[in-house]
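It should be emphasised that the depicted structure is a prediction, and the values quoted were computed from it without experimental measurement. By convention in this document, chain letters (A, B, ...) are assigned in the order of the sequence lines, proteins followed by strands, and residues within each chain are numbered from 1.
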Amino acid sequence: MIDIQLLRADLNGIAERLAGRGFSLDAQAFLALEAKRKAVQAETEELQARRNAQAKKIGQAKGRGEDVSGLMAEASGMGDHVGALQAQLEEIQRAQHDFLSAIPNLPHESVPRGTTAEENVQVRVWGAPREFGFPVKDHVDLGEGLGQLDFSAATRIAGSRFTLMKGDLARLHRAVAQFMLDVHGREHGYTEIYAPYLVNAQSMFGTGQLPKFEQDLFMVPRGDEKWYLIPTAEVPVTNMVAGEILQQGSLPLRFVCHTPCFRSEAGSYGRDTRGMIRQHQFDKVELVQVVEPALSHAALEELTGHAETILKRLELPYRVMLLCVGDMGFASAKTYDIEVWLPAQNAYREISSCSNFEAFQARRMQARFRNDKGRPEPVHTLNGSGLAVGRTLVAILENYQNADGSVSVPVALRPYMGGQERLTRGG
RNA sequence: GGAGAGAUGGCAGAGUGGUCGAAUGCGGCAGACUCGAAAUCUGUUGUACGGUUCUCCGUACCGGGGGUUCGAAUCCCUCUCUCUCCGCCA
């Protein structure tokens with residue numbers, strides 16, 4: 001949620017900054033709504049004050065044993081009038097809330113201009129793609145060749161965009177997640193969280209998935225209520241601080257959480273149809289930080305570095321991209337994507353997205369801390385994949401493949417595989 | 001799934017129609033006493049929105065929503081959640 005004070009103070013300036021990310025702010029609608037709100041709110045509150053004063057007078061007169069029928073007659077009708085005004089005010093406020101809810105976050109000043117992914121800026125590259133002395137296979141051929149990846153079973157059981165793994169590959173998948181949790185939890189100081197996979201609409205609103213992006217989610221109805229399968233652990237974990245007023249000394253909060261993630265992938269029908277790059281269900285280890293505003297951009301650098309550590313330890317080549325304004329998500333003020341090298345695609349592919357949401361989510365969630373003046377102020381929230389487990393597995397398969405179709409286990413993961421060094425057919 | 005009891009400020013806990021944003025205690029903050037601390041005493045201490053603008057003022061909020069009333073923390077309806085007992089279950 002954008003700060004309404006900013007719109008009041010500098011409407012045109014804000015509209016201009018939002019235009020950069022392809023959002024056209026209806027300034028006239030805002031001004032009209034604001035004027036109406038101001039008038040109705042002033043009138044409502046004034047009448048409420050008069051009604052309260054009158055009711056108080058009646059009470060006091062009654063206490064003295066006086067006749068109050070005259071006072072009561074004066075007051076009759078005031079209640080209905082107040083009610084009507086309140087209803088009107090609520091409607092205006094709801095409209096204003098809806099208006100604000102649909103506005104994306106303001107990009108940070110360090111974010112480059114641009115409208116598409118082509119204009120993202122490469123920040124750094126780590127590692128060099130390996131030279132294979134043989135024709136490389138993609139992860140589907142490798143996994144199926146090992147007899148450990150079965151898309152036809154997954155399709156039979158659920159449908160397209162689902163994965164079924166068996167044996168050593170399933171174990172390696174688990175090892176990857178365990179490894180990430182251990183590095184972030186034990187070395188980077190994140191507190192491990194286990195959280196609900198189904199959340200209510202309010203939580204989805206808090207992190208910005210609702211109301212605009214309901215079509216991207218799996219919704220689970222229960223009576224009149226709706227639950228949603230989480231598209232990322234960001235949702236339950238960030239909402240841990242919803243409605244809270246945190247003590248300054250308790251910040252920063254750092255959480256790591258491994259969950260499955262569920263995405264409808266509506267509107268991406270033709271993309272990445274082969275393999276496990278784009279699935280309805282995938283595992284991810286998510287990093288979340290809740291910090292003081294002044295420190296949030298330093299925290300984004302730190303968090304991104306924590307995600308990169310995983311790729312370094314796994315010795316997978318990657319690059320870090322700073323997203324341009326047009327390619328950023330709705331709630332983000334600044335985003336780095338980490339892209340891992342996939343030999344079969346001869347390309348870098350996204351494996352992590354690290355964002356600073358500044359106060360955008362905090363305002364929606366009412367997540368605050370007590371600042372130096374002792375006043376409640378919205379915190380800043382950040383998150384990043386640390387990393388997407390399925391895509392990490394894809395990267396391992398493709399980068400660690402051998403000429404005979406077997407796959408070496410990265411050294412860092414061997415302790416999680418009972419020392420096993422290789423995935424081979426029948427394993 | 002069945003039966004019962006609850007939900008009040010950071011916490012505990014009063015308050016069954018009017019001067020209640022809410023007693024009291026604890027905690028927090030400030031001050032007094034003290035060389036300092038403890039104890040004691042005094043004062044103070046919620047959030048949101050709006051107006052004004054760094055000073056105050058107004059409105060709302062006693063689990064959520066709705067109703068009765070001139071007036072609701074208090075009465076009525078409803079939902080959610082918590083606790084106890086029984087059943088079931090991983």
Closest to the 5' end of RNA chain B, once A/S76 and A/T44 are matched to their nearest nucleotides, is A/T44
Measuring from atom CG of A/D337 to atom OG of A/S353, what distance do you get when rounded to the nearest 0.5 angstrom? 4.0 Å
Base, sugar-phosphate or nothing for A/L71? Non-hydrogen atoms, less than 4.0 Å. nothing
The reported gap from OH in A/Y190 to CD in A/Q289 (rounded to nearest 0.5 angstrom) is 4.0 Å
Give one of base, sugar-phosphate or nothing for A/A55, where a contact means two heavy atoms less than 4.0 Å apart. base
P gap between B/A90 and B/C79, integer Å: 30 Å
Using the P atom on both, measure B/U59 against B/U68 and round to a whole Å. 23 Å
Rounded interatomic separation in angstrom, taking CD1 from A/I92 and P from B/U59: 20 Å
Considering every strand and a 4.0 Å limit on heavy-atom distances, what is the contact class for A/Q48: base, sugar-phosphate, or nothing? sugar-phosphate
Roughly how far apart, to the nearest Å, are B/G9 and B/C61 at atom C1'? 11 Å
For nucleotides B/G25 and B/G13, find the distance between their C1' atoms and express it as a whole number of Å. 8 Å
Residue pair A/Q361 / A/T381, side-chain donor-acceptor N/O under 3.5 Å: yes
Measuring only the C1' atom in each nucleotide, how far is B/U19 from B/A72? A whole number of Å is fine. 16 Å
Side chains of A/V256 and A/V288: closer than 4.5 Å at any heavy-atom pair? no
Using the P atom in both, what is the distance from B/A14 to B/G1, to the nearest Å? 32 Å
Could A/D272 and A/R391 be called an ion pair, given the rule that one side-chain N must be under 4.0 Å from one carboxylate O? no
Between atom NE2 in A/H97 and atom P in B/G50, what is the gap in whole Å? 13 Å
Whole-Å distance, A/L33 CG to B/C49 C1', equals 15 Å
Can you confirm whether A/E244 sits close enough to A/R368 that some side-chain heavy atom of one is under 4.5 Å from a side-chain heavy atom of the other? no
Side-chain donor or acceptor of A/E45 under 3.5 Å from a matching atom on the base of B/G58? yes
Using atom CZ of A/R370 as one end and atom C1' of B/G10 as the other, report the distance to the nearest whole Å. 9 Å
Looking at every strand, decide which applies to A/K57 at a 4.0 Å heavy-atom threshold: base, sugar-phosphate, or nothing. nothing
For atom CD of A/E90 and atom C1' of B/G64, their distance in whole Å: 14 Å
Nearest-neighbour nucleotide for the A/I4 side chain, B/U47, B/C70, B/G50 considered: B/G50
From the set B/U19, B/C70, B/A48, return the single nucleotide nearest to any side-chain atom of A/Q60. B/U19
Whole-Å gap separating P (B/G51) and CD (A/E43): 16 Å
Looking at A/E34 and A/R37, is any side-chain nitrogen of the basic one under 4.0 Å from a carboxylate oxygen of the acidic one? yes
For nucleotides B/G46 and B/C11, find the distance between their C1' atoms and express it as a whole number of Å. 13 Å
Distance only, no hydrogens: is a donor on one side chain within 3.5 Å (strictly under) of an acceptor on the other, for A/T335 and A/S332? yes
Is any side-chain nitrogen or oxygen of A/R8 closer than 4.0 Å to OP1 or OP2 of B/G50? yes
Return yes if the base of B/G18 and the side-chain atoms of A/K56 contain a donor-acceptor N/O pair under 3.5 Å, otherwise no. no
Gap in Å between the two P atoms, one belonging to B/C77 and one to B/G4, rounded: 15 Å
Minimum-distance nucleotide to A/A49 side chain [options: B/G58, B/U47, B/C70]: B/G58
OP1, OP2 of B/U47 versus side-chain N and O of A/R368: anything below 4.0 Å? no
One should read off an interatomic distance between A/T238 OG1 and A/F357 CZ, to the nearest 0.5 angstrom, of 7.0 Å
Output the rounded distance in Å from CG (A/L85) to C1' (B/C49). 17 Å
Output field dot_bracket for RNA chain B (Watson-Crick or G-U, both distances under 3.5 Å, | for other-strand pairs) contains ((((((((.[[[..)..(.....]]]((((((.......))))))((((((....)))))).[[[[[..)....]]]]])))))))....
Side-chain N or O of A/N52 closer than 4.0 Å to phosphate OP1/OP2 of B/C70: no
Rounding to an integer number of Å, can you tell me how far A/H81 NE2 sits from B/G71 C1'? 18 Å
Closer to the 5' end of RNA chain B via nearest nucleotide, is it A/M78 or A/Q41? A/Q41
Does a side-chain N-to-carboxylate-O contact under 4.0 Å join A/R113 and A/E119? no
Does A/Q247 place a side-chain N or O at less than 4.0 Å from the phosphate oxygens OP1/OP2 of B/G27? no
Would you mind telling me which of B/C70, B/G51, B/A48 lies closest to the side-chain atoms of A/K38? B/G51
Is the distance from OP1 or OP2 of B/A60 to the nearest side-chain N or O of A/R51 less than 4.0 Å? yes
